[in-house]
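The block underneath contains the structure these notes are about, expressed in C-alpha cells.
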Amino acid sequence: MSEVRVRFAPSPTGALHIGGGHTALFNWLWARHNHGRFILRIEDTDLARSTKEYEETIMSGMVWLGLDWDEGPDIGGSYGPYRQSERLGIYRDYADQLVGMGRAYRDGGAIIFRVEAGQDISFRDIVYGQIDVMSDGLREKDSDKLKDIVIIKSDGMPTYNYAVVVDDHLMNITHVIRGEDHISNTPKQILLYRALGWDVPEFAHLPMILGRDKKKLSKRHGATSIYEYRDMGYMPDSMFNFLALLGWSAGDDKEIFTREEAAEWFELSRVTRKAAVFDFDKLNYINQEHLKALAPDVRLSMVRPFWEEAGLPVADVEASRGVKYLEDALTLMAGRGRTAKEMSEFSDYFVSFEPVKARWNAEGVDKEKLKPFFAAIFSHDSWKAEELEGVARSWIGQHEGAKMKDYAMPLRFALTGMKVSPGIFEVAELMGREECRKRLEFYGLL
RNA sequence: GGUCCCAUCGUCCAGAGGCCUAGGACACAGCCCUUUCAAGGCUGCGACGCGGGUUCGAAUCCCGCUGGGACCGCCA
C-alpha cells in the first residue's frame with residue numbers, strides 16, 4: 001500500500017479555532033498512525049480576507065497543540081508550493097484544459113464547469129458510509145435549474161471546490177479528512193476529478209463540534225480560538241486529549257492519554273457520526289488530570305507565567321530559594337485547580353507574603369489563646385511536617401477541649417491567607433521555619 | 001424550495017442481532033478519609049425519540065414519522 005498522505009488546509013482568515021484544530025488533529029493522528037505524511041496547505045484564494053498574520057497564527061496554534069507537519073509553506077516539500085496563491089498558473093492550466101475539452105466555458109473573466117444531469121456522483125465515506133447523490137440534485141437555490149460550478153473567478157482566482165481537487169490530486173493526498181460540512185461539496189469535487197481523469201481519494205468526514213446549546217460553535221459561545229484556551233491556563237496536552245475525544249474513542253475506557261498513545265490507537269473507522277457538544281466540565285477534568293501527572297519542572301513552566309502575570313516576584317524567589325522550592329510548592333498543589341491559572345492563584349502565598357496580607361488581617365482572632373500553641377511548635381527542633389503535626393497533636397491532647405481545627409485554621413490563615421490549602425503542616429515545612437516565624441509574628445501570633 | 005447527514009444517560013463515548021434487567025467517563029447527590037479544600041475510595045441519580053416491520057430474539061437490520069444539522073456563494 002502506498003504511503004498515507006493527508007493534509008490540513010486552513011484559510012488564513014482568522015485564528016485557529018476549535019473546529020479547525022479538531023480537523024487538523026484528526027489528520028495528524030491518521031498520518032502518524034500510518035507513519036505517513038501530514039501536509040499543511042494554505043488556502044488563501046480569498047484575497048480580501050486572507051492575511052499573512054493569520055497564516056502565522058494558525059501555524060503557531062498548531063505548534064502549540066503539538067501538531068507538526070511534514071510539508072508546508074514554511075518548510076517546503078516536494079509537492080509545493082503549499083500556498084494556493086502561489087499556484088495560480090497550475091489552476092489556470094487545468095481550467096484551460098477543461099475548456100478545451102468542452103467541459104467548461106468562459107463567462108466574462110470566469111471559467112465555469114458544466115454540470116450535466118444524470119450523473120451518479122455517489123461515494124463511500126470512511127466515517128459516514130455510502131452517500132448516494134445524483135448530479136440532478138445540484139440545483140440552484142429555490143430553483144430547479146442545474147447549477148454549474150464556477151472554477152475560476154473573474155478575478156483569476158480559483159474557487160475552493162476546484163482548487164482543492166487540483167491540489168489534493170497533485171499533492172498526492174490519499175485521504176481527505178475534513179469537517180462534515182463538506183459532505184455536500186464532495187460530489188461536486190468528484191465531478192471535477194472525473195472530468196480531469198483523476199483518481200478520487202478516500203474521504204473521511206468528521207462530526208461537527210457544537211456549543212452547549214447544540215448550535216454550531218461560534219464566538220457567541222465564548223472562547224473559540226485555540227489560543228484563548230492557552231491563556232485561560234489549559235495545557236496543550238489537555239486540549240489535544242480533549243479534542244481527540246470529540247468524535248472518537250479507542251473503544252476501551254482509556255480517556256486520559258498522550259499524543260503518542262492516541263496516534264497508536266487511532267482508527268478513522270472508529271470516528272463517530274454524531275455532532276459533539278464541547279463540554280467545559282470534561283475539558284476541566286482532563287486538564288486537571290494532565291496537570292496532576294506533569295513532571296515538576298513542566299508543571300512549573302505551565303504555572304509560572306500566571307504568577308508573573310499576577311505580579312509575583314517569581315524570579316526573586318527562584319534566586320533566593322532555588323527552583324526546587326517552586327517545583328515542590330506545585331507538587332503539593334497537584335490535583336488542586338483545574339487550570340494552570342487556577343493553580344497559580346491557589347498557590348500565590350508560596351511566592352509572596354503580600355497576597356496573604358491582602359486577604360487576611362487576623363481580625364477577631366483570640367491571639368492570647370493561640371500563642372502557646374505556636375510557641376510549642378516553634379520550640380520543637382525539627383521542622384518536618386510529620387513531626388510538626390505530632391507536636392500539634394500532643395499539645396492539643398494535653399489541653400482540655402482543644403480541637404485541631406481551631407488551631408490549624410488560624411495557622412493556615414496566617415501562612416496562606418486562604419481557608420483552603422494543602423495540608424498546612426506540609427505547607428509550613430516547605431515554607432521553612434523562618435518564613436513561618438515571620439508570618440506569624442506579623443500577625444502577633446508568636 | 002432542493003440535495004445530503006445525524007438520532008444511546010444533562011454531556012462525551014462503549015455497544016457492529018442474543019454477552020444489555022444497556023457499560024465507562026464528566027457533571028450532580030450522598031458516604032468514607034480528614035486540620036481545610038482538593039485528590040482518592042464507595043454508593044446513588046440518569047438514556048436506547050416515536051410508530052411500524054424483519055427475526056425465535058433488535059439499542060443494534062428495514063420503512064415511515066418526529067426532531068436536529070449541513071450544503072445549494074465568482075467564501076472556504
Pick from I126(A), L29(A), V127(A), L206(A): which one makes a side-chain contact (heavy atoms from CB on, under 4.5 Å) with I177(A)?
L206(A)

Does G40(B) have a Watson-Crick or wobble partner in any strand here, with both distances under 3.5 angstrom, and which is it?
C32(B)

Mind checking the C1' distance from G23(B) to C5(B)? Whole angstroms is fine.
28 Å

Which nucleotide, in any strand shown, forms a Watson-Crick or G-U wobble pair with C9(B), with both distances under 3.5 Å?
none

Answer whether the closest heavy-atom distance between the side chains of R5(A) and H175(A) falls below 4.5 Å.
no

For R359(A), all residues meeting side chain to side chain donor-acceptor pair (under 3.5 Å), sequence neighbours excluded
D348(A)

Pairwise side-chain hydrogen bond (donor to acceptor under 3.5 Å, both in side chains) hits with a residue in residues 271-294 of chain A, at least two apart:
R212(A)-D279(A), Y234(A)-N284(A), S238(A)-N287(A), N241(A)-H290(A), E255(A)-K282(A), E289(A)-K292(A)

On RNA chain B, nearest-nucleotide positions of T272(A) versus D107(A): which is more 5'?
T272(A)

Please work out if E289(A) contacts a base, only the sugar-phosphate, or nothing of the nucleic acid, heavy-atom cut-off 4.0 Å.
sugar-phosphate

Contact class for K147(A) (heavy atom, under 4.0 Å): base, sugar-phosphate, or nothing?
sugar-phosphate

Taking the C1' atom of each, how far is A14(B) from G24(B), in whole Å?
7 Å

With both distances kept under 3.5 Å, what pairs with G57(B), Watson-Crick or G-U wobble?
none

Mate of C48(B) across any strand shown (Watson-Crick or G-U wobble, both atom pairs under 3.5 Å) is none

Separation between the C1' atoms of G10(B) and A47(B), rounded to whole Å:
10 Å

Which part of the nucleic acid, if any, lies within reach of H205(A) when heavy atoms closer than 4.0 Å are counted: base, sugar-phosphate only, or nothing?
nothing

For E255(A), report the nucleic acid contact type (base, sugar-phosphate, nothing); a contact means any heavy atom under 4.0 Å.
base

Looking across every strand, which nucleic acid part, if any, lies under 4.0 Å from F425(A) by heavy atom: base, sugar-phosphate, or nothing?
base

Mind checking whether F257(A) and W265(A) have parallel, tilted or perpendicular rings, split at 30° and 60°?
perpendicular

Regarding R259(A) and the six-membered ring of F240(A), is the cationic atom NZ or CZ under 6.0 Å from the ring centre and inside 45° of its axis?
yes

Which part of the nucleic acid does I131(A) contact within heavy-atom distance under 4.0 Å: base, sugar-phosphate only, or nothing?
sugar-phosphate

Which residue pairs satisfy the ring-ring contact (aromatic ring centres under 6.0 Å, His included) criterion with at least one member in residues 128-156 of chain A, sequence neighbours excluded?
none

Which is true for K419(A) with a 4.0 Å heavy-atom rule: it touches a base, it touches only sugar-phosphate, or it touches nothing?
base

Work out how far the P atom of A7(B) is from that of A16(B), and round it to whole angstrom.
16 Å

Applying a 4.0 Å non-hydrogen cut-off, can you work out what K153(A) is touching in the nucleic acid: base, sugar-phosphate, or nothing?
base

How would you label the contact of D142(A) with the nucleic acid (heavy atoms, under 4.0 Å): base, sugar-phosphate, or nothing?
base

Between A39(B) and C31(B) - P atom distance, rounded Å:
16 Å

Counting any heavy atom closer than 4.0 Å, what does T45(A) reach on the DNA or RNA strands: base, sugar-phosphate only, or nothing?
sugar-phosphate

Suppose you measure atom P in C13(B) against the same atom in C6(B); what distance do you get, rounded to whole Å?
15 Å

Sorted by number, the residues of residues 156-169 of chain A with heavy-atom contact under 4.0 Å to RNA chain B:
T159(A), Y160(A)

Considering only the C1' atoms, how many Å lie between U8(B) and A58(B), rounded to the nearest integer?
14 Å

Check every strand shown and say whether P422(A) touches a base, only sugar-phosphate, or nothing at a heavy-atom separation below 4.0 Å.
base

Look at all strands and tell whether K292(A) reaches a base, only sugar-phosphate, or nothing, counting heavy atoms closer than 4.0 Å.
sugar-phosphate

C1'-based separation of C12(B) from G46(B) [nearest Å]:
15 Å

Which part of the nucleic acid, if any, lies within contact of K254(A), taking any heavy atom under 4.0 Å across all strands shown: a base, the sugar-phosphate backbone alone, or nothing?
nothing

C20(B): pairing nucleotide in any strand, Watson-Crick or G-U under 3.5 angstrom
none

Keeping to residues at least two apart or across chains, list the side-chain hydrogen bond (donor to acceptor under 3.5 Å, both in side chains) pairs with something in residues 102-116 of chain A.
D96(A)-R106(A), Y105(A)-D148(A)

Test F26(A) against V271(A) for side-chain contact (heavy atoms from CB on, under 4.5 Å), laying out the working first.
CA-CA 10 Å; F26(A) 278 57; V271(A) 173; 4.0 Å; yes

So what's A70(B) paired with, Watson-Crick or G-U wobble, going by both distances under 3.5 Å?
U3(B)

Can you list everything that forms a side chain to side chain donor-acceptor pair (under 3.5 Å) with H380(A)? Sequence neighbours excluded, please.
E387(A)

Give me each pair satisfying ring-ring contact (aromatic ring centres under 6.0 Å, His included) with a member in residues 391-433 of chain A, each pair once, sequence neighbours excluded.
W360(A)-F413(A), F373(A)-W395(A), F373(A)-Y407(A), W395(A)-H399(A), W395(A)-Y407(A)

For R178(A), answer base if it contacts any base atom (sugar-phosphate contacts may also be present), sugar-phosphate if it contacts only those atoms, and nothing otherwise; contact means non-hydrogen atoms under 4.0 Å.
nothing

Contact span of RNA chain B against chain A, any nucleotide atom under 4.0 Å from a heavy atom, 5' to 3', runs G1(B) to A76(B)

Suppose we screen for side chain to side chain donor-acceptor pair (under 3.5 Å). Which residues come up paired with R338(A), at least two apart in sequence or across chains?
none

Both K215(A) and Q288(A) contact RNA chain B. Which one's nearest nucleotide lies toward the 5' end?
Q288(A)

